[in-house]
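Reading through the structure tokens given below for one structure.
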Number of protein chains: 2
Amino acid sequence: MKNKDIKILLVDDEPDILEIVGYNLSNEGYHVITGANGVEAVKLGKKHKPHLVILDVMMPEMDGIEACELLRKNPDLSDTIITFFTARGEDYSQVAGFDAGADDYITKPIKPKVLISKVKALLRRLKEKEESSEIIKVGNIIINREEYKIVKGKEEIVLPRKEFELLSLLASKPGKVFKREDILDRVWGNEVVVGGRTIDVHIRKLREKIGDESFKTIKGVGYKFVI
Amino acid sequence: MKNKDIKILLVDDEPDILEIVGYNLSNEGYHVITGANGVEAVKLGKKHKPHLVILDVMMPEMDGIEACELLRKNPDLSDTIITFFTARGEDYSQVAGFDAGADDYITKPIKPKVLISKVKALLRRLKEKEESSEIIKVGNIIINREEYKIVKGKEEIVLPRKEFELLSLLASKPGKVFKREDILDRVWGNEVVVGGRTIDVHIRKLREKIGDESFKTIKGVGYKFVI
DNA sequence: TAAATATTTAACCCATTCTTAATATTGATT
DNA sequence: AATCAATATTAAGAATGGGTTAAATATTTA
């Protein structure tokens with residue numbers, strides 16, 4: 001996603017702030033939308049579905065806290081990051097702000113450079129959510145290597161390390177036969193020497209936990225995972 | 001940011017050191033700038049705005065400590081990491097160095113491999129600084145890194161530093177398993193060696209204070225924070 | 001400087017995980 | 001079908017690795 005496609009809704013009742021901050025954000029290539037109070041914030045939020053909302057707390061008509069609560073109620077904006085724009089020292093606003101569903105806050109005054117890097121950090125958060133990490137999906141099984149978690153259908157299966165690694169290896173290429181020596185190399189590491197039956201025992205455990213039908217033995221060669 | 005874009009200012013009065021260390025750093029792809037004394041360090045620092053400065057302590061003209069103090073006064077270099085390069089045993093220099101605003105120190109002699117990994121660790125710190133937004137929200141817990149404050153529900157929880165860092169690391173990616181070695185790297189720093197049970201003890205404290213259910217152990221791997 | 005607090009170490013325990021070994025079964029080959 | 005080598009099964013024991021605690025150090029604070 002390019003900066004041009006990223007929409008930032010900036011809401012503040014001081015025109016100067018809108019001007020300066022808006023200018024800096026535009027300069028970075030973001031698509032900036034501005035509003036002057038809470039009512040506008042809610043209206044513009046609904047209309048534009050911005051990726052990031054920067055909300056001043058103290059505003060006429062409707063303050064930032066209330067606006068934030070209303071914005072959060074809109075399911076279209078559930079992935080939107082909302083951050084408050086608050087004068088240093090207005091501590092109460094932070095607490096109230098988080099209750100209202102804000103993700104962060106930015107203190108005024110702030111240097112343009114710092115603001116930009118803060119905005120980038122917030123948007124990076126959004127990006128991370130989108131990017132899926134090391135996840136293997138096969139049939140109805142999802143293997144999440146980052147979380148060390150297996151989900152089969154609806155149930156979560158907990159596997160000890162060696163079993164997890166073995167399954168992950170076999171499932172990384174369903175259908176492919178992995179030779180016994182390759183399995184030893186990749187799951188046990190080629191410096192460790194274990195007896196010949198160790199793999200079998202682990203396969204057995206997996207068959208018990210994941211399902212017999214998923215693991216095929218190729219006699220004299222190795223094993224494969226089938227869907 | 002690619003290595004090519006990372007500028008390292010290396011300052012030492014011994015040409016051999018500049019040669020060897022500089023070679024190793026260049027080899028990793030870093031953009032290396034070298035200087036022979038404190039005066040040059042300050043001049044080159046101002047000019048190039050390096051991301052990392054490696055400063056020998058004992059140098060003619062102006063020593064590393066003084067150079068460090070001067071570099072620190074430059075607001076452009078506020079994000080720059082400064083580390084001293086000191087012969088093993090020159091203990092006083094470490095103390096004085098930190099007073100002068102240094103972030104770390106590297107002892108001579110050092111093997112190229114160790115040096116590189118140290119530099120990487122330092123640069124990782126820089127990256128984290130840039131990236132980490134100061135507030136992490138997970139479940140009903142708000143971690144405010146800027147104020148070193150934890151709020152769980154309505155109550156504020158005070159955590160000592162290591163516990164705080166550990167929690168904030170784990171909570172930075174709920175669900176993700178952090179390997180023990182990664183935790184050591186990122187909370188303790190990879191140069192510090194602590195006993196095997198240290199992490200456990202801190203986890204235990206967190207479990208007491210935050211809630212047992214939030215910290216899951218993945219045996220043989222590490223820990224994860226779950227909501 | 002003393003007192004308080006934080007951090008690390010060390011010792012021990014316990015549970016889980018891994019491996020082995022002994023025996024049973026399978027399947028390819030003749 | 002007999003044979004034989006490879007794999008399956010099982011249970012037991014070994015090894016690993018985490019949990020817990022208290023005491024020893026370090027560090028910070030008053």
Side-chain angles (χ1 to χ4, degrees), chain A residues 148-150 157-170 177-226, chain B residues 91 94-95 98-99 148-150 156-170 177-226:
Chain A
Y148 268 83
K149 198 170 90 176
I150 312 263
I157 299 171
V158 179
L159 294 183
R161 199 179 54 183
K162 284 277 193 294
E163 287 167 43
F164 187 92
E165 294 295 347
L166 177 54
L167 172 60
S168 235
L169 174 63
L170 295 179
V177 179
F178 289 85
K179 301 199 188 78
R180 282 175 164 267
E181 56 165 326
D182 290 344
I183 294 175
L184 283 177
D185 255 31
R186 304 196 35 194
V187 176
W188 274 263
N190 47 12
E191 76 285 355
V192 182
V193 181
V194 290
R197 300 273 60 74
T198 302
I199 293 177
D200 309 43
V201 173
H202 285 272
I203 288 283
R204 166 141 211 299
K205 295 251 173 75
L206 286 177
R207 283 175 166 152
E208 267 175 10
K209 292 173 184 170
I210 307 292
D212 201 36
E213 65 291 347
S214 300
F215 302 88
K216 283 208 68 158
T217 305
I218 312 299
K219 225 180 153 170
V221 189
Y223 297 91
K224 68 174 167 181
F225 181 89
V226 293
Chain B
D91 204 48
Q94 295 165 17
V95 181
F98 287 116
D99 279 347
Y148 252 75
K149 199 169 91 176
I150 311 259
E156 190 173 328
I157 298 172
V158 179
L159 293 183
R161 200 173 82 235
K162 284 282 192 285
E163 288 167 42
F164 187 91
E165 294 295 347
L166 178 54
L167 173 62
S168 58
L169 174 64
L170 294 180
V177 176
F178 290 84
K179 302 202 186 76
R180 277 171 168 269
E181 54 166 328
D182 291 342
I183 295 175
L184 283 178
D185 253 33
R186 300 184 54 180
V187 175
W188 275 264
N190 56 5
E191 74 283 359
V192 181
V193 180
V194 290
R197 300 269 64 71
T198 303
I199 293 178
D200 310 44
V201 173
H202 286 272
I203 287 283
R204 170 149 204 294
K205 297 255 170 73
L206 286 176
R207 282 177 166 151
E208 268 174 9
K209 292 173 186 170
I210 307 291
D212 201 35
E213 64 291 346
S214 300
F215 302 88
K216 282 205 70 160
T217 305
I218 311 298
K219 257 194 116 164
V221 188
Y223 295 92
K224 67 175 163 181
F225 182 87
V226 293

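Everything numeric in this text was worked out from a predicted model, so none of it was measured. Only this structure's heavy atoms are used, side chains among them; waters, hydrogens and symmetry mates stay out. A note on names: the letters A, B, ... follow the listed sequences, proteins ahead of strands, and every chain is numbered from 1.
- The residue F215(B) sits apart from the nucleic acid: no heavy atom pair falls under 4.0 Å.
- Applying the ring-ring contact (aromatic ring centres under 6.0 Å, His included) test to pairs two or more places apart or on separate chains, those with a residue in residues 203-223 of chain B are F215(B)-F225(B).
- Applying the ring-ring contact (aromatic ring centres under 6.0 Å, His included) test to Y148(A) and every residue at least two apart in sequence or in another chain returns F164(A).
- The side chain to side chain donor-acceptor pair (under 3.5 Å) search around T198(B) returns none, not counting sequence neighbours.
- Take V201(B) and apply the side chain to side chain contact (heavy atoms under 4.5 Å, CB included) test, not counting sequence neighbours, and it matches K205(B).
- Remark on DNA chain D: of its neighbouring residues R204(B) and G222(B), the 5'-side contact belongs to G222(B), judged by nearest-heavy-atom nucleotide.
- In the 5' to 3' direction, nucleotides of DNA chain D lying under 4.0 Å from heavy atoms of chain A begin and end at dA5(D) to dG17(D).
- Not counting sequence neighbours, the partners of E208(B) by the salt bridge (charged side-chain N to carboxylate O under 4.0 Å, His left out) test are R204(B).
- Each end of the helix from dT1(C)-dA30(D) to dT30(C)-dA1(D) gets its own axis, taken as the rotation carrying the C1' atoms of four end pairs onto the next four within a five-pair window, and the two axes meet at 40° to the nearest 10 degrees.
- Map V221(A) and E208(B) each onto its nearest nucleotide of DNA chain D; the residue landing nearer the 5' end is V221(A).
- By the salt bridge (charged side-chain N to carboxylate O under 4.0 Å, His left out) test, R180(A) pairs with D200(A), sequence neighbours left out.
- Every pair passing ring-ring contact (aromatic ring centres under 6.0 Å, His included) that includes a residue from residues 184-212 of chain A is listed here, sequence neighbours excluded: W188(A)-H202(A).
- Considering CG of L170(B) and NZ of K224(B), their distance stands at 12.0 Å, rounded to 0.5 Å.
- With sequence neighbours excluded, the residues satisfying salt bridge (charged side-chain N to carboxylate O under 4.0 Å, His left out) with K149(A) are E147(A).
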Revision key, fill the gap. Per-nt protein contacts along nucleotides 13-29 of chain C (heavy atom under 4.0 Å; B base, S backbone sugar-phosphate only, - none) come out as --BBSSBB-----BB--
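- In terms of the side chain to side chain contact (heavy atoms under 4.5 Å, CB included) criterion, residue partners of K179(A) (sequence neighbours excluded) are, by chain and number, E181(A), D182(A), V221(A).
- At a threshold of 4.0 angstrom between heavy atoms, the contacts of F164(B) with the nucleic acid are absent.
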